[in-house]
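Quick caveat: nothing in here was measured; it's all calculated off a predicted structure. Order of appearance sets the numbers: ligands from 1, and atoms from 1 within every ligand.
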Amino acid sequence: MGKRSLWGWGYEEQAVDPLGLAPLLADFGFRVGDDPIPVVAADTVALATARLAAPGLDGIAVTDDRMARLRHAHGRSFDDIVAGLRGDYRFAPDLVAFPEDEGQVLTLLQWCAGMGVACVPFGGGTSVVGGVQCREGDSFNGVLSLDTTRMNRVLEVDELSRAAHLQAGMLGPEVESALRPYGLTLRHYPQSFEFSSVGGWLATRAGGHFATGPTHIDDFVESLSIVTPTGVDTTRRLPASGAGPSPDRWYLGSEGTLGVITSAWLRLQQLPVHKAEASLTFASFEQALGALRALTQSGLQPSNCRVLDAGESRLAGDAQDGGAALLLGFESAQLPVEPDMEAALAVLRDHAPLSVSGPAYRERGRQARDASSGEWRRAFLSAPYLRDALVRLGLIAETFETAVTWDGLARLHAAVNAAVTATSEELGLHAVLLCRITHAYPDGLAPYFTVIAQGPGDVREDWAAVKQAVSAALISSGGTITHHHAVGRDHRGFYEEQRPDRFAAMFAAAKGSVDPAGVMNPGVLLR
Ligand SMILES: Cc1cc2nc3c(=O)[nH]c(=O)nc-3n(C[C@H](O)[C@H](O)[C@H](O)COP(=O)(O)OP(=O)(O)OC[C@H]3O[C@@H](n4cnc5c(N)ncnc54)[C@H](O)[C@@H]3O)c2cc1C
């Protein structure tokens, strides 16, 4: 364990040296100066005086400590990171609370409701959509950030049904290390796995990195408990149920607007033993996508089947020849994966790959030989550190994602490209747009875009303009504003365009019934 960065991703000692990226960036046409932007030191940051004194609430830990307030001021979007780097903490909460059980959460929510204080649930704080930053604080008597990470225990493991009752404040590594002695895994690995929480995943309907099959946290939920300002709700623990609208589904994705999820029974899987990896290159992105569609519609369920466009492939070290790469993986706890891998390769070979590397097979504990998707996974997990370094070089570096049915893909991809090109011309940006497919379904796919850009203007303003343009392109071409990054405050306007009006009214009424004072994460999901 190291020291967590206040402004950037992860541990300070794992930070990437910005200047070391110069050759790679030159390859993409970016100019890099000799002086990375310095980080404003925490003790020199201007922080408004807290509007509230920490209340004495039955021994619950509540503080107005400066560092605690700074650490709960931002999520981890590009804008958050630049704000932190520059020392802009104008939306820091007045108070931070660290409840240890459901009873304490209820006391805090009722105190907030009675005092007119906005309450912002905070798990790992990795939101990329403004989910943990209360910008509406002026309309309240204060803002309290409710940190769930002291509720971080496994309450029960049911080995017979293969499920565990987990408290919401557990971070990804805590979950997996607690389950490993049972030979079990939640098998939910968002890229933010190391620093995000069970409650955050449930509240945002997070997506793990497996490309097909059960990968969204929704797929694993048997039941959950949520504390609202009016009381506690626990849904019935069931493997499946056809009894009316699902209460779990009402609370999943509620992003802290209805209450604080405190625990959940989640389905587990056996640790995988057999693994296989291969990577293929194709002459074009379109050709690789055709192969991907055939694969997802074949009935096979690879754990990995990501397609990287030419730029992504160059970054990852695959398909240096300007084509696209398809990374393929299978894993299983019990059955050998050779038959599935061979069947998948047979499907993909029909789409004329330029090259096939692998397959490499391994069993747990043994290293795969010659598996370039292993390289890709390392790059995947260290990418957030890379982004911090790009930010310190004064570049825009951010991602956005969506999902669309296969028939709408070409239109959506073209619309996003056009939006980035037009905005870049307007702002004088040199911009590179990269695309990879993170999740694939028989009826559609989830394109994930990265923008790296450089220009004469202010990076926060320029990114806001690009983001507005690409979000409008996603919605107008039939995509969703988010496949797994959530809505938060940043996507709310575009979310309003895609959800039905009557549903919005119904959701607002539901919120009114459990949060009559309107203190739960105001500004998120609802206006
Ligand atoms: C580098 C990076 C990579 C990422 N990769 C992925 C990815 O692969 N897949 C993915 O889905 N997302 C990804 N994200 C987004 C983010 O990690 C997810 O949204 C994650 O689920 C947030 O979890 P958290 O614990 O950090 O929640 P937070 O950021 O603390 O909160 C997120 C939202 O949920 C609410 N909330 C948090 N805990 C609770 C609770 N217990 N009860 C009620 N509401 C709560 C908050 O108020 C906020 O609105 C990534 C983010 C970054 C910065």
For G200, counting its heavy atoms only, list the atoms of ligand 1 lying under 4.0 Å from any of them.
21 (O), 23 (O), 24 (P), 25 (O), 27 (O), 37 (C), 38 (N)

N521 N/O under 3.5 Å from ligand 1 N/O:
yes

Taking atom types as modelled, find out whether S471 and H491 have a side-chain donor-acceptor pair closer than 3.5 angstrom.
no

Are Q167 and T262 close enough that a side-chain donor and a side-chain acceptor fall under 3.5 Å?
no

Which bit of T204 is near ligand 1, meaning a heavy atom under 4.0 Å away: side chain, backbone, both or neither?
side chain

Between T126 and ligand 1, does any nitrogen or oxygen pair lie at a separation below 3.5 Å?
yes

Element-labelled atoms of ligand 1 that are located less than 4.0 Å from some non-hydrogen atom of A206
11 (O), 21 (O)

Please list, in number order, the atoms of ligand 1 under 4.0 Å from a heavy atom of F122.
30 (O)

Do any N/O atoms on Y189 end up under 3.5 angstrom from N/O atoms on ligand 1?
no

Looking only at non-hydrogen atoms, which of G199, S127, A383 approaches atom 39 (C) of ligand 1 most closely?
G199

In residues 511-527, what donor-acceptor pairs under 3.5 Å come from side-chain atoms, sequence neighbours left out?
from : atom 1 : to   : atom 2 : distance (Å)
K511 : NZ     : T257 : O      : 2.7
K511 : NZ     : D515 : OD2    : 2.7
K511 : NZ     : M520 : O      : 2.9
S513 : OG     : A510 : O      : 2.8
D515 : OD1    : G518 : N      : 3.2
D515 : OD1    : V519 : N      : 3.1
D515 : OD2    : V519 : N      : 3.2
D515 : OD2    : M520 : N      : 2.9
N521 : OD1    : R489 : NH2    : 2.8
N521 : ND2    : G131 : O      : 3.1
N521 : ND2    : E255 : O      : 3.0
R527 : NE     : E496 : OE2    : 3.1
R527 : NH2    : E496 : OE1    : 2.6
R527 : NH2    : E496 : OE2    : 3.4

Please confirm whether E255 comes under 4.0 Å of ligand 1, counting heavy atoms of the residue only.
yes

Quick check: does G207 get an N/O under 3.5 Å from an N/O on ligand 1?
yes

With a cut-off of 4.0 Å, which atoms of ligand 1 are near a heavy atom of S192?
3 (C), 4 (C), 5 (N), 6 (C), 13 (C), 14 (N), 16 (C), 17 (O), 50 (C), 51 (C)

Give me each pair satisfying ring pair (Phe, Tyr, Trp, His ring centres under 6.0 Å) with a member in residues 507-527, each pair once, sequence neighbours excluded.
none

Taking H74 for its side chain and D88 for its backbone only, find out whether a donor-acceptor pair lies under 3.5 Å.
yes

Backbone or side-chain N or O of H485 under 3.5 Å from ligand 1 N or O
no

For I261 and ligand 1, does the shortest N/O to N/O distance drop below 3.5 Å?
yes

Tell me, please: is G125 in heavy-atom contact with ligand 1, that is, under 4.0 Å?
yes

Is the closest N or O pair between G123 and ligand 1 shorter than 3.5 Å?
yes

Near A203 (heavy-atom distance under 4.0 Å), the atoms of ligand 1 are 34 (O), 35 (C), 36 (N), 43 (C), 44 (N), 45 (C)

Using a strict 4.0 Å threshold on nitrogen-to-oxygen distance, state whether R387 and E398 make a salt bridge.
yes

Which of the atoms of ligand 1 are close to R76, meaning less than 4.0 Å from one of its heavy atoms?
53 (C)

Taking the minimum heavy-atom distance to atom 47 (O) of ligand 1, which of P121, G10, A486 ranks first?
P121

